[in-house]
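Working notes, structure below.
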Amino acid sequence: MSPEEDKSSFNLTQLLTIFCALTTLLITLIRMNFSSLPSTFSWLGIANSLVFFLLWGCFRIGLFKRYAAGILLCTINLVLVPMVIISGGLSSQFAPLVALMPFMFTLLGGFSYAIWVNLAWSLVWIMMLKIGMYDLDLTQSPWEQGKAMSKALWLILSTNISTFLAIKFENTNRRQKKELIKLANQDNLTGVYNRRGMTQLLNNEIYYCLRSKTYLSVMFVDVDFFKKYNDLNGHVEGDKVLIDVANCLVNNTREGQDTVARYGGEEFIIIMRSTNALEAKVAAEKIRQSVQGLQIKYSDVQDEFITVTIGLYSTKCINEQVEDILNTADQALYLGKQQGRNRVISA
């Protein structure tokens, strides 16, 4: 697992440990007041909760961090097996907890752990069935009502644990999906959107523009004479320039409204929602001046700084697709290059 996955697993292990400790203690105390089970079982319940509290304390101070999940899972089973055996075997009130084991093992240790615990408990149930351990009950409860109360409490516990695990699984799954989408749409070098992500986003913005009947503005930004900079300073330094330019573009756009993407090489796209031609021209000029203000020299022997040329297109997106908008902005960029670069040209 990655360091992030290890940390997430350890945090989940701590959470489940304290959850087991508190619920075991709470249900034991409730059962003492509403059930007629022997006091031995109450003391066993308290002892089990103390074991979980002790484990949680160890995990909190960083002990057994590498093996925390395995220790917790082994402890749960070591506590559960004898409790099931002495309280009725197949008809034990603790039996509903066993069904949660594969799910818990999958979250904490992976699917291989879940397969092993599933096989182990399947063998336990088969052995109990073979030796007739379906009516053994050392709880000696004189009233069926007391036993029913104990079963109800443990069913409530198992239901709450399954709900907690399901929510945790869903949150983890959703977070991982978001991370995958982010990685698929993010430029590895600059951290802004890549071309794929930009295309999807621009499609959405066209739909929003048509629905809201507002303007959409798109800038095509090109770093001037970038090949010259690479030839003089090398590609590593060139990558640093692209990162600096990308950060400058992000810092000079509206968070939540505008989107910066790397189109390819030294070219960037900026998508500006609900922005007309005049507003976009002002924003583009600000961006051009900001990049020039970075004062990145082409070389130590030259006083020329890195600049950008920006092709700008504002539209209401009527009968236009992504390619149409990008081509129009690109044509404006081409005119800007022809006219000497380091300028903003509107289509």
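Every value quoted in this text rests on a predicted model; they were computed, and no experiment measured them. This chain uses plain numbering: 1 for the first residue, then up along the sequence.
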Problem set entry | Distance (rounded to the nearest 0.5 Å) between Thr13 OG1 and Phe59 CZ |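 Spacing of OG1 (Thr13) from CZ (Phe59) equals 6.5 Å.
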Counterpart residues, side-chain contact (heavy atoms from CB on, under 4.5 Å), relative to [X] (two or more places apart):
X      : result
Asn252 : Cys248, Lys286, Ile287, Ser290
Cys317 : Ile206, Cys209, Leu210, Leu216, Thr315, Ile325
Asn327 : Glu323
Leu50  : Ile46

For this session: Enumerate the residue pairs fulfilling side-chain hydrogen bond (donor to acceptor under 3.5 Å, both in side chains) with a member in residues 44-59, sequence neighbours excluded, ordered by first and then second residue.
Result: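 For residues 44-59, and leaving out neighbouring residues, there are no side-chain hydrogen bond (donor to acceptor under 3.5 Å, both in side chains) pairs at all.
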Test your reading of the model: is there a side-chain donor-acceptor pair from [X] to the backbone of [Y], 3.5 Å cut-off?
X      : Y      : value
Gln14  : Asn11  : no
Thr253 : Val250 : yes
Asn185 : Arg196 : no

Exercise. With sequence neighbours left out, which residue pairs that include part of residues 229-252 fulfil the ring-ring contact (aromatic ring centres under 6.0 Å, His included) condition?
Worked result: none
For this session: Could you list all the ring-ring contact (aromatic ring centres under 6.0 Å, His included) pairs where at least one residue sits in residues 177-208, not counting sequence neighbours?
Result: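 Non-adjacent pairs meeting ring-ring contact (aromatic ring centres under 6.0 Å, His included): zero.
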For this session: May I ask you to decide whether Asp244 forms a salt bridge with Lys240, counting only side-chain N to carboxylate O separations under 4.0 Å?
Result: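 Judged by the 4.0 Å cut-off on N to carboxylate O distance, Asp244 and Lys240 do not form a salt bridge.
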For this session: State whether Lys228 and Glu304 are salt-bridged, where the test is any N-O pair (Lys NZ or Arg NE/NH1/NH2 against Asp/Glu carboxylate O) under 4.0 Å.
Result: yes
Problem set entry | Qualifying salt bridge (charged side-chain N to carboxylate O under 4.0 Å, His left out) pairs with a residue from residues 51-66, counting only residues at least two apart or across chains |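 For residues 51-66, and leaving out neighbouring residues, there are no salt bridge (charged side-chain N to carboxylate O under 4.0 Å, His left out) pairs at all.
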Problem set entry | Within-4.5 Å side-chain heavy-atom neighbours: Ile243 and Leu189 | yes
For this session: Check whether the side chains of Arg254 and Thr275 place a donor and an acceptor atom closer than 3.5 Å, and report yes or no.
Result: yes
Problem set entry | Qualifying residues under side chain to side chain donor-acceptor pair (under 3.5 Å), relative to Gln321, sequence neighbours excluded |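 Residues passing side chain to side chain donor-acceptor pair (under 3.5 Å) with Gln321: none at all.
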Side-chain donor-acceptor pairs under 3.5 Å in residues 67-80, sequence neighbours left out?
residue : atom : partner : partner atom : Å
Thr75   : OG1  : Ile71   : O            : 2.7
Asn77   : OD1  : Trp121  : NE1          : 2.6
Asn77   : ND2  : Leu73   : O            : 2.8

Could you give the side-chain donor-acceptor pairs of residues 261-272 under 3.5 Å, partners two or more places apart or in another chain?
residue : atom : partner : partner atom : Å
Arg262  : NE   : Gly265  : O            : 2.9
Arg262  : NH1  : Asp187  : OD1          : 3.4
Arg262  : NH1  : Asp187  : OD2          : 3.4
Arg262  : NH2  : Gly265  : O            : 3.1
Tyr263  : OH   : Arg195  : NH2          : 2.7

Distance-only criterion, 3.5 Å: show the donor-acceptor pairs between side-chain atoms of residues 329-342 and protein atoms not counting sequence neighbours.
residue : atom : partner : partner atom : Å
Tyr334  : OH   : Gln338  : NE2          : 3.2
Asn342  : OD1  : Arg288  : NH1          : 2.9

